[in-house]
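Below you'll find the structure, written out as structure tokens, and then a few comments.
Chain letters run A, B, ... following the sequence lines, proteins first, then strands; residues in each count from 1.
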2 protein chains.
Amino acid sequence: MRYKINVMSYHKKQEFKSDEIKASEIAKALSHPARISILKFLAQQKSCICNDIVEHLPLSQSTVSQHLKELKNVGLIQGEIDGPRVCYCIDKENWKKAKAIMIELFDMNLAPIKIKCC
Amino acid sequence: MRYKINVMSYHKKQEFKSDEIKASEIAKALSHPARISILKFLAQQKSCICNDIVEHLPLSQSTVSQHLKELKNVGLIQGEIDGPRVCYCIDKENWKKAKAIMIELFDMNLAPIKIKCC
DNA sequence: TAAATCTATCGTATATTTGCGATATAAAAT
DNA sequence: ATTTTATATCGCAAATATACGATAGATTTA
């Protein structure tokens with residue numbers, strides 16, 4: 001095959017379509033069981049106090065804090081200072097948007113036409 | 001707060017629930033725009049020939065091969081040798097399963113009860 | 001048979017993620 | 001005022017992910 005000439009670089013992500021980047025960012029936020037667990041915990045609203053989340057996970061407080069930060073950065077949760085604590089909760093608006101993006105991805109038209117194999 | 005005692009270790013993923021791990025693995029497979037792009041390309045069945053996928057992406061052949069391997073490992077695609085080429089396609093059965101898992105995650109009951117904040 | 005084509009894998013470099021303890025800060029409790 | 005509690009962030013170490021070129025192996029074409 002004709003070899004592609006590629007410039008030595010390590011960040012190619014920006015060369016993709018913005019909707020593909022967006023979907024991948026949502027997926028990345030969900031790509032660690034701790035973050036899935038945090039979201040489930042918040043959805044069940046057993047509590048939204050940060051420390052309760054920490055107690056719920058087999059991870060140190062600082063590690064949990066980092067996972068919370070990632071979920072916050074991608075917009076899936078919100079944090080609100082409540083006296084000495086921080087109350088986290090799912091950002092329902094962004095959650096819906098994320099859901100729509102992922103569903104659109106999974107609803108891709110799986111054409112039943114057999115081209116070669118498949 | 002009482003500090004948790006944690007053994008120095010780098011692999012805590014296995015300490016989570018298996019359904020959380022499963023969801024995170026699917027999400028991880030989707031956490032790079034190149035892999036999203038590959039799946040969309042295959043869904044549209046513009047082709048399922050490996051080399052056409054390589055031509056479609058701004059990445060080298062070896063890098064694309066690695067992304068294909070990850071998608072294959074998680075079960076979202078299948079590869080079939082077709083003479084000198086390899087024909088990749090979406091594993092429709094596993095795709096459906098993955099979709100169900102992600103939809104279940106996004107359909108988490110977002111309790112409307114206000115506990116503290118939220 | 002030799003050359004060309006296609007793909008996977010190896011080796012390697014860099015970037016990012018994951019994890020922890022320590023610590024800084026802020027509020028609450030004593 | 002001091003101590004306790006709660007949280008974020010810093011600094012570091014290890015693991016994993018991302019990317020490439022080179023190359024091996026297999027197949028097809030010339």
Spacing of A:Lys13 atom NZ relative to D:dC20 atom C1', expressed in whole Å: 16 Å
Near-strand residues of residues 16-33 of chain B, defined as heavy-atom separation under 4.0 angstrom from DNA chain C: none
Test ring pair (Phe, Tyr, Trp, His ring centres under 6.0 Å) applied to A:Phe16 - qualifying residues, sequence neighbours left out: none
Test side-chain contact (heavy atoms from CB on, under 4.5 Å) applied to A:Glu93 - qualifying residues, sequence neighbours left out: A:Asp91, A:Lys96
Short side-chain N/O contact from A:Tyr88 to OP1 or OP2 of D:dA8, under 4.0 Å: yes
A:Ser60 (side chain) and C:dG19 (base): donor-acceptor pair under 3.5 Å: no
Distance below 4.0 Å between B:Thr63 side-chain N/O and D:dC20 OP1 or OP2: yes
Residue list, salt bridge (charged side-chain N to carboxylate O under 4.0 Å, His left out) with B:Lys99, at least two apart or on another chain: A:Asp107
B:Ser65: side-chain hydrogen bond (donor to acceptor under 3.5 Å, both in side chains) partners, not counting sequence neighbours: none
Any pair counted as ring-ring contact (aromatic ring centres under 6.0 Å, His included), so long as it reaches residues 58-84 of chain A, sequence neighbours left out: A:His32-A:His67
Partner residues of B:Lys69 under the side-chain contact (heavy atoms from CB on, under 4.5 Å) criterion, sequence neighbours left out: B:Asn73
5' priority, DNA chain C, between A:Gly83 and A:Arg35 [closest heavy atom]: A:Arg35
Worked verdict on A:Leu39 versus A:Phe41 for side chain to side chain contact (heavy atoms under 4.5 Å, CB included): CA-CA 5 Å; A:Leu39 291 166; A:Phe41 187 80; over 6 Å; no
side-chain contact (heavy atoms from CB on, under 4.5 Å) partners of A:Ile101, counting only residues at least two apart: A:Lys22, A:Ala23, A:Ile26
Nucleotide C:dT7, atom P - distance to CG of B:Leu57 in whole Å: 13 Å
Verify same cluster id: A:Ile81, A:Leu71 (apolar side-chain graph, 4.5 Å): yes
Rounded interatomic separation in angstrom, taking CD from A:Glu80 and P from C:dA27: 15 Å
Distance test, side-chain N/O of B:Arg85 to OP1/OP2 of D:dT28, below 4.0 Å: no
Interatomic distance, B:Ile81 CD1 vs D:dG25 C1' [rounded to whole Å]: 11 Å
Terminal axis angle for the helix from C:dT1-D:dA30 to C:dT30-D:dA1, five pairs an end, nearest 10 degrees: 10°
Residues forming a salt bridge (charged side-chain N to carboxylate O under 4.0 Å, His left out) with B:Lys40, sequence neighbours excluded: A:Asp19
Within residues 66-75 of chain A: residues closer than 4.0 Å to DNA chain D (heavy atoms): A:Lys69
Nearest-angstrom distance from the residue atom CD of A:Gln61 to P of C:dA22: 13 Å
Salt bridge (charged side-chain N to carboxylate O under 4.0 Å, His left out) against B:Glu70, all qualifying residues, sequence neighbours excluded: B:Arg35
Under-4.0 Å side-chain N/O to phosphate OP1/OP2 contact, B:Lys12 with C:dC20: yes
Nucleotide D:dT7, atom P - distance to CD1 of A:Ile53 in whole Å: 8 Å
